[in-house]
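This report refers to the structure that appears directly beneath it.
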2 protein chains.
Amino acid sequence: MGVTKSEIFTDQQNQISTFAKAFAHPARVAILEHLFNLSACVCGDLVNEIGLAQATISQHLKELKNLGLIKGEVEGTKVCYCIHQENWTAMKEIMNEFLNQDKTVTPECC
Amino acid sequence: MGVTKSEIFTDQQNQISTFAKAFAHPARVAILEHLFNLSACVCGDLVNEIGLAQATISQHLKELKNLGLIKGEVEGTKVCYCIHQENWTAMKEIMNEFLNQDKTVTPECC
DNA sequence: ATTATCCATCGTAATATTGCAATGAATTTG
DNA sequence: CAAATTCATTGCAATATTACGATGGATAAT
């Protein structure tokens, strides 16, 4: 126990929860905001901006990269991270469809 | 040490991650979809639809309720759960602002 | 009143996540 | 080449999450 039973859910449900997990930590939200603002894109800068250890930021960057939401480019000893525009857009559509479910029905039940 | 340092993040960042956590599990995504579809709204029905134990579903319902995304109404021995429309809309705006950040900048960096 | 149904809560076990120090690989600089 | 810089990875420790059986309270049905 303690392990999510993803077999019993649809691909769409698992996909939504996977994307949501990316945003389910304030550090990753902060990282993404910095990348969008272009206020920091190098790992070291993000470490300074956000107050977490380098190893921790690197780990969060890895998760975002694995999900495809960002991409990293090596520039000498530094690595510059950027939003992966296409994948971000694709993710957004999936999340929006889920969030906008309330538009498609005229509810009332209890 | 396993505990999120929410003090170092903005209220907005913490709020987004908190909402995202609600969707970060496929069972909660499934529950919300059932509530929107009106295909099940009583706890017992949700247990049958989704293949998890009653205690587990009850726990997920509690989390969604604590976040204010759903509300429960006692009807005899049953409890009918519904989407909390207003709070859902408010949450949606916050999440949309975050997801649509890519509209506000003309990036390119690396 | 007794029984049955429904659901929340508690306790427990297992897995996942978060955070960091330490280490090491790659590159740049001196 | 040596030293310095930057970042990814590894190995731990601590906390959080997921799941479920068991229990108990509340209401409905008999």
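Chain identifiers are assigned alphabetically (A, B, ...) following the order of the sequence lines, protein sequences preceding nucleic acid strands; residue numbering begins at 1 within each chain.
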Same apolar cluster: Val42(A) and Leu61(A), side chain cutoff 4.5 Å: no
Rounded distance [0.5 Å steps], [atom1] in [X] versus [atom2] in [Y]:
X	Y	atom1	atom2	result
Ile70(B)	Leu64(B)	CD1	CG	4.5 Å
Phe36(B)	Ile83(B)	CZ	CD1	4.0 Å
Gln15(B)	Ser6(B)	CD	OG	13.0 Å

Between side-chain atoms of residues 88-100 of chain A and protein atoms elsewhere (two or more places apart, or another chain), which donor-acceptor pairs fall under 3.5 Å?
residue, atom, partner, partner atom, Å
Trp88(A), NE1, Leu99(B), O, 2.9
Thr89(A), OG1, Gln85(A), O, 3.0
Lys92(A), NZ, Asn100(B), OD1, 3.1
Lys92(A), NZ, Asp102(B), OD1, 3.0
Lys92(A), NZ, Asp102(B), OD2, 3.2
Asn96(A), ND2, Lys92(A), O, 3.3
Asn100(A), OD1, Lys92(B), NZ, 3.1
Asn100(A), ND2, Asn96(A), O, 3.2

Any residue of residues 14-21 of chain A with a heavy atom less than 4.0 Å from an atom of DNA chain D: none
Residues in contact with DNA chain D, drawn from residues 45-67 of chain A - heavy-atom cutoff 4.0 Å: Gln54(A), Ala55(A), Ser58(A), Lys62(A)
Gln101(B) side chain to Glu33(A) side chain, donor-acceptor N/O pair below 3.5 angstrom: no
Pair Gln59(A), Thr56(A): side-chain N/O donor-acceptor within cut-off below 3.5 Å: no
Short N/O separations, protein against nucleotides 2-6 of chain C, under 3.5 angstrom:
residue, atom, partner, partner atom, Å
dC6(C), O4', Thr77(B), OG1, 3.2
dC6(C), O3', Thr77(B), O, 3.2

Whole-Å distance separating the [atom1] atom of [X] from the [atom2] atom of [N]:
X	N	atom1	atom2	answer
Ile31(A)	dG19(C)	CD1	C1'	13 Å
Glu75(B)	dA26(D)	CD	P	19 Å
Arg28(A)	dA16(C)	CZ	P	15 Å
Lys5(A)	dT18(D)	NZ	C1'	10 Å

Flag side-chain contact, heavy atom, 4.5 Å: Tyr81(B) against Lys65(B):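 With C-beta onward as the side chain, the pair touches.
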N/O donor-acceptor pair under 3.5 Å between Arg28(B) side chain and Ser17(A) backbone: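 Absent.
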Phosphate OP1/OP2 of dA19(D): any His25(B) side-chain N/O under 4.0 Å: yes
5' priority, DNA chain C, between Ala24(A) and Val74(A) [closest heavy atom]: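 Looking at DNA chain C, the more 5' nearest nucleotide goes with Ala24(A).
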By ring pair (Phe, Tyr, Trp, His ring centres under 6.0 Å) - contacts of His84(A) (at least two apart): none
5′-ward residue of the pair Ser6(A)/Thr4(B) relative to DNA chain D: Thr4(B)
All pairs passing side-chain hydrogen bond (donor to acceptor under 3.5 Å, both in side chains) where residues 39-52 of chain B contributes a residue, at least two apart: His34(B)-Ser39(B)
